[in-house]
Amino acid sequence: LFSNSKDKIDFLEKLEELLILSDLGTSATAEIMNEFQQINFREYKENNFIFFKEKLKVILIDILNSTAPDIKINENRLNIIMLVGVNGSGKTSIAGKIAYRLKNINNDIIMVPADTFRAAAIQQLKILACKVGAEMINTKEGADPASVVYDGISAARARKKNIVIIDTAGRLHTKTNLMNELEKIKRVIQKEANDCSLEILQTIDATMGQNAIAQAEFFNKSLGVTGIALTKMDGTAKGGIVIAIKKELDIPVKLISCGEKLNNLYDFKAEKFVEALLD
Amino acid sequence: SLTDKFQTIFKKIKNKGKLNENDIKNCLHEIRIALLEADVNYKVVKEFIDSLHDKIQQEKISESLSPTQQIIKIVNGEITLTLGCKQNDLSISPAPPTIIMLVGLQGTGKTTTAVKLANYFRKKGHLPLLIATDIYRPAAIEQLQVLGEKSNLPVFSMGKNESAVNIVKAAIKYSSKKNNDVLIIDTAGRLHIDDKLMNELQEINENIPLQEKLLIVDAMAGQDAVNSAKVFCDKIKVSGIILTKLDGDTRGGVALSLKKVLGVPIKFIGIGEKVDNFEPFHPERMASRILG
Ligand SMILES: Nc1nc2c(ncn2[C@@H]2O[C@H](COP(=O)(O)OP(=O)(O)OP(=O)(O)O)[C@@H](O)[C@H]2O)c(=O)[nH]1
Ligand SMILES: Nc1nc2c(ncn2[C@@H]2O[C@H](COP(=O)(O)OP(=O)(O)OP(=O)(O)O)[C@@H](O)[C@H]2O)c(=O)[nH]1
Ligand SMILES: [Mg+2]
Ligand SMILES: [Mg+2]
């Protein structure tokens with residue numbers, strides 16, 4: 001893109017293609033394109049447009065940068081991390097990965113299998129909990145998710161654990177009754193642990209298109225999403241939808257999942273993400 | 001909506017006869033945005049708009065329809081035509097058993113869809129058998145077994161220590177004793193760039209007589225979907241696509257991209273997590289959904 005453009009029109013067309021193909025969507029792309037329309041191209045054509053790659057990097061990093069803190073464990077209070085998101089987006093896998101990472105810092109983790117709906121969801125989390133060496137709340141398919149969360153918080157207090165990781169069932173944001181179920185879980189957390197540090201992470205699959213914006217909007221409206229966990233970034237999709245989401249809803253990306261192993265979890269770094277996107 | 005945008009453009013058209021070039025450009029601009037917002041692939045949209053331009057140019061403003069209705073009808077017609085296909089049912093092998101393999105990226109709904117498919121065949125009078133070959137994902141086999149049990153559908157598994165192709169071979173031997181005439185293979189989710197796992201599919205494809213190889217695609221998929229789908233198609237010659245999670249509000253433009261680029265028929269859609277949330281694919285309904 002940057003070294004093969006022969007003139008302004010060609011460059012802008014290639015830029016638009018790059019941004020759309022990365023799933024930024026039409027309106028974020030249009031706004032970014034606008035910033036480039038303003039530039040006097042002639043003086044930079046000599047440098048093979050490399051200047052523009054840097055300018056684009058700055059624009060994208062600027063959108064993605066956030067003052068929101070990374071996931072920090074507060075030693076003096078109960079830390080609750082809840083995973084939410086649409087079906088198959090990687091919640092259970094990342095719950096295991098977060099537990100794996102935190103196990104190295106602190107042994108006091110309890111896993112809460114609040115997906116009591118999907119077949120073998122509890123068994124799936126159990127296997128991950130065992131691999132990590134973390135305790136898990138006992139429950140059965142069909143149990144009330146809010147009760148399981150309640151049990152999780154009580155158990156954490158009783159067993160002196162200060163990290164609670166809650167895996168929830170996948171749900172489409174358009175299913176009001178299922179979104180209400182999540183709101184109920186949050187109310188239980190606020191009632192039973194109103195002094196806790198609460199992180200509500202929404203998983204977004206990097207292969208998803210524009211519908212991820214609606215997903216973020218609805219989950220955020222229902223719960224207040226504190227961070228996005230962008231999953232399946234080891235594929236060929238760029239995950240640029242998080243740029244549109246940050247632009248429209250100001251929800252920051254906090255984690256990147258880059259594979260199916262327990263250690264394939266990384267803190268989100270805007271610079272690295274943008275470099276990979278423009279690659 | 002697209003209709004409102006067109007109304008604004010056409011408010012200015014007073015004369016009957018052909019649309020002028022500028023009106024057409026404005027319409028195409030709006031259609032292009034609508035398709036991109038619906039997640040239709042960028043390159044597919046480009047080709048589609050070019051072919052639409054000629055169609056619209058030849059169109060005479062009708063007496064009975066408003067220009068808006070007319071243009072929408074043309075676009076809808078073109079999308080429907082592209083999405084449609086003669087062969088949209090599943091073929092049965094002349095010599096049983098009919099063996100169907102489900103493949104796709106991680107989390108697209110293969111395991112859930114496998115059970116839906118088995119149920120669909122049972123309702124048609126067949127004796128299906130589900131085969132669990134996901135030997136990687138934690139509790140994958142249990143998931144298929146629990147789902148099978150809930151719907152009273154048999155599941156064949158050999159645990160995680162046999163290779164996928166050996167599990168299928170054993171399942172075929174087992175099914176002949178049990179008179180199962182339709183075998184549905186649930187495979188592990190995988191990346192198209194994972195050579196080892198793509199070779200696993202190729203090995204099954206080369207050693208097992210597969211009647212259908214169905215690519216399971218998430219309807220919320222974005223621009224990269226065509227890239228991954230193409231690799232699956234090239235590797236094992238996919239014979240059909242099933243689009244899942246259409247019970248949400250995604251526009252599902254991936255359907256148009258896949259059909260246009262790969263030409264593989266979309267046979268069914270998943271519209272929920274329950275076993276009977278499963279329907280044949282309707283091109284016209286999908287076309288309206290994509291246009292939004
Ligand atoms: N390649 C890759 N696969 C992933 C990643 N994260 C999750 N997966 C896979 O995606 C599939 C779905 O992951 P899950 O963790 O079960 O997703 P989920 O959101 O809990 O799914 P539901 O509970 O059914 O809604 C599994 O096959 C995972 O191994 C990732 O970062 N990269
Ligand atoms: N709403 C909705 N959810 C679906 C549909 N199909 C599957 N799901 C859900 O999507 C999630 C993933 O489904 P799975 O069947 O586990 O997907 P998979 O492709 O087998 O996943 P892997 O084996 O890990 O690659 C589960 O929560 C399913 O219940 C659908 O049509 N609509
Ligand atoms: Mg899960
Ligand atoms: Mg599966």
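By convention in this document, chain letters (A, B, ...) are assigned in the order of the sequence lines, proteins followed by strands, and residues within each chain are numbered from 1.
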Shortest non-hydrogen separation from A/A119 to B/Q143 and the atoms involved: O-CG, 3.5 Å
For [X], does the [atom1] atom sit with more than 12 other heavy atoms under 6.0 Å from it, leaving out its own atoms?
X: A/K103; atom1: NZ; answer: yes
X: A/N138; atom1: CG; answer: no
X: A/N177; atom1: CG; answer: yes
X: B/K43; atom1: NZ; answer: no
X: A/N263; atom1: CG; answer: yes
X: B/K160; atom1: NZ; answer: yes

Check whether [X] gets within reach of chain A through its side chain, its backbone, both or neither, counting any heavy atom under 4.5 Å.
X: B/A225; result: neither
X: B/D218; result: side chain
X: B/E149; result: neither
X: B/N41; result: side chain

Salt-bridge criterion met for A/E16 and B/R32 (N-O under 4.0 Å): yes
Short N-O contact, B/K150 and A/E141, less than 4.0 angstrom: yes
At a heavy-atom distance under 4.5 Å, which candidate from [options] has the highest pair count against chain A?
options: B/S228, B/G109, B/P138; result: B/P138
options: B/T250, B/L36, B/I33, B/D249; result: B/D249
options: B/L147, B/V146, B/L191, B/T108; result: B/L191

Engaged part of [X] at the chain B interface, taking heavy atoms whose separation is under 4.5 Å:
X: A/A214; value: side chain
X: A/L128; value: side chain
X: A/K126; value: neither

Side chain proximity check, B/Q106 to A/E260, heavy atoms < 4.5 angstrom: yes
Residue pair B/T112 / A/R118, side-chain heavy-atom distance below 4.5 Å: no
When heavy-atom pairs shorter than 4.5 Å are enumerated against chain B, which of [options] gives the highest number?
options: A/T174, A/L21, A/D205; value: A/L21
options: A/Q123, A/H173, A/K175, A/M208; value: A/M208
options: A/V86, A/T26, A/T29, A/I122; value: A/T26

Step-by-step side chain to side chain donor-acceptor pair (under 3.5 Å) determination, B/N227 to A/T236: CA-CA 8 Å; B/N227 300 331; A/T236 51; 5.1 Å; no
CA sep, side-chain torsions, deciding dist, call: A/Q210, B/R251, side-chain contact (heavy atoms from CB on, under 4.5 Å): CA-CA 9 Å; A/Q210 300 308 298; B/R251 300 262 291 275; over 6 Å; no
Steps toward side-chain contact (heavy atoms from CB on, under 4.5 Å) verdict (B/Q223, A/I20): CA-CA 8 Å; B/Q223 296 285 318; A/I20 297 280; 4.1 Å; yes
Pair A/R171-B/E273, salt bridge (Lys or Arg N to Asp or Glu O under 4.0 Å): steps then yes or no: CA-CA 10 Å; A/R171 68 205 67 215; B/E273 299 186 76; over 6 Å; no
From CG (A/D23) to OH (B/Y42), nearest 0.5 Å: 13.5 Å
Side-chain donor or acceptor of A/N211 paired with backbone N/O of B/M220 under 3.5 Å: no
